[in-house]
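In listed order, ligands and their atoms are each counted from 1.
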Amino acid sequence: MTDLTSLTIAEALALMRNGEISALELTEAHLARIEKLDPAIRAFLNVTADFARAGARAADEARAAGDERPLLGVPIALKDVLSTKGIETTCGSRMLKGYHPVFDATVVARLYDAGAVMLGKLNMDEFAMGSSTENSGFFPTANPWNLAHVPGGSSGGSSAAVAAKMALATLGSDTGGSIRQPASFCGVSAIKPSYGRVSRYGLIAYGSSFDQAGPFARTVEDVARVLAVIAGNDPLDSTSMPSPVPDYPAALDGDIRGLKIGLPAEYFAEGLQPDVEQAVRAAVAQLADMGAEAREVRLKHADYSLPAYYIIAMAEASANLARYDGVRFGARVDGADLIDSYKKTRGAGFGEEVKRRIMLGTYTLSAGYYDAYYGKAQTARTLIRRDFDALFAEVDVLIAPVAPSTAFKFGEVTDDPLRMILADVLTISANLAGICGLSAPCGFDAAGLPIGMQILGAPFTEERLLQVGAAYQRATDWHLRSPDLG
Ligand code: GLN
């Protein structure tokens, strides 16, 4: 009997089409697995079992009537940063406990329109601020490969759910690495689309000029299937681009002969865990065997990316989070007067990391400091963007590790905010520049924890990243390995 939770989306769709399994059976298998494993992994903040069963039944009826929508009956789950109509959406924060949006995020609506079945909402660092999911306002999520380790973050629920086979695909969001880094820590495939490729309408804002939603799945092919559904212009998000969406799943076959790969020297620098470097270099050698040409390149302003990102992201966060005052949004704590009520609401609703960022963000935006910090960071951002523009005139993709290390242990980095920030050093430039990045498994460290490689491309070249990732997965089997969870 087929193990229904080990299927890819492609396989599940084929079985449903042939009538060998129903969407309801597929959904029940995932709900049962969540019930069995999630008490230890804790990827889900909320399992919407009845909603999922209703969706699955509707999918089965639709299929019986000849419906062939691209994700019909496919069980997925969503990072809790995405607004879901009538379903609690907390963004990992106590501030939003009990918030039931009156609308669906555009990406959610598109998944529903494509026939996907929604299993529940996934844990995350509060307001997507963090790299380990330890900043969740509720509880941390464990890495399915080793429960004493973090799953990465901020989309740790999204990566853990796929790695533990509790959903066929999930959505996360990436402001500075939060899709790619957890994918790498959990050994799954995922893409951060170019800024403007996917609508941000209904994605609760952290850093609005960086945020993008994107899919996690067990194969690059499945990632392509989900991206094809969620991508594209949305009149409700003026920063979403009107450019047409390529047929991503159809673009995966091409070979990669003649592909020009750049290896940024700054991303293979000191401080990299040696087995991470080895695995990524071995992956590049594999691609070279398949006909690609790799050479070293330089990202001149790489040193500025961390400070520029954290100044701009915190500035944007401080503005975006001003709305949680207990009057417009947020769980109000009443005080003696309005000001007291604001203070109590924000004091009780936000965690330490969120407060730290709001304070730093308002500081860098205040008169007298704006030019010294915020203005300079914007200048650095432009220089970084130009570095990438120049490189992509010479090479087709850049390849690098996703993170300097594999998944760390709970508590190991939490008390050192600077070390936590360094976990993002290889991913944030892509968000500063608005380019796209794919994360794909390429090995394991000595302790058996997954290693990921990052394939970066010029804005709106997702098709090429997916093609390279799929070619790599046809030649290797890292992505097919899964943790032994019983
Ligand atoms: N770790 C980074 C931060 O805390 C990135 C988070 C993200 O991409 N949402 O800002």
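The pair Arg356-Glu352 does not count as a salt bridge, with every side-chain nitrogen at least 4.0 angstrom from each carboxylate oxygen. Between Lys121 and Asp80 there is a salt bridge, since at least one side-chain N of the basic residue sits less than 4.0 Å from a carboxylate O of the acidic one. With salt bridges taken as basic N to acidic carboxylate O contacts below 4.0 Å, one links Asp174 and Arg180. Ion pairing between Asp113 and Arg110 fails under the 4.0 Å rule for side-chain N and carboxylate O. Residues Arg385 and Asp389 are paired through a salt bridge, judged by an N-O separation under 4.0 Å between the basic side chain and the carboxylate.
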List, for ligand 1, each N/O atom that has a protein N/O partner under 3.5 Å away, with both atom names and the distance.
| residue | atom | partner | partner atom | Å |
| --- | --- | --- | --- | --- |
| ligand 1 | 1 (N) | Gly130 | O | 2.9 |
| ligand 1 | 1 (N) | Ser131 | OG | 2.9 |
| ligand 1 | 1 (N) | Asp424 | OD1 | 3.2 |
| ligand 1 | 1 (N) | Asp424 | OD2 | 2.8 |
| ligand 1 | 4 (O) | Gly130 | N | 2.9 |
| ligand 1 | 4 (O) | Arg357 | NH1 | 3.1 |
| ligand 1 | 4 (O) | Arg357 | NH2 | 2.9 |
| ligand 1 | 8 (O) | Thr175 | N | 2.7 |
| ligand 1 | 8 (O) | Gly176 | N | 2.6 |
| ligand 1 | 8 (O) | Gly177 | N | 3.2 |
| ligand 1 | 8 (O) | Ser178 | N | 3.0 |
| ligand 1 | 8 (O) | Ser178 | OG | 2.6 |
| ligand 1 | 9 (N) | Ala128 | O | 2.8 |
| ligand 1 | 9 (N) | Ser154 | OG | 3.4 |
| ligand 1 | 9 (N) | Thr175 | OG1 | 3.4 |
| ligand 1 | 9 (N) | Ser178 | OG | 2.8 |
| ligand 1 | 10 (O) | Tyr206 | OH | 2.6 |
| ligand 1 | 10 (O) | Tyr309 | OH | 2.8 |
| ligand 1 | 10 (O) | Arg357 | NH1 | 2.9 |

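Of all heavy-atom pairs between His479 and Thr219, the closest is CD2-CG2, 3.9 Å.
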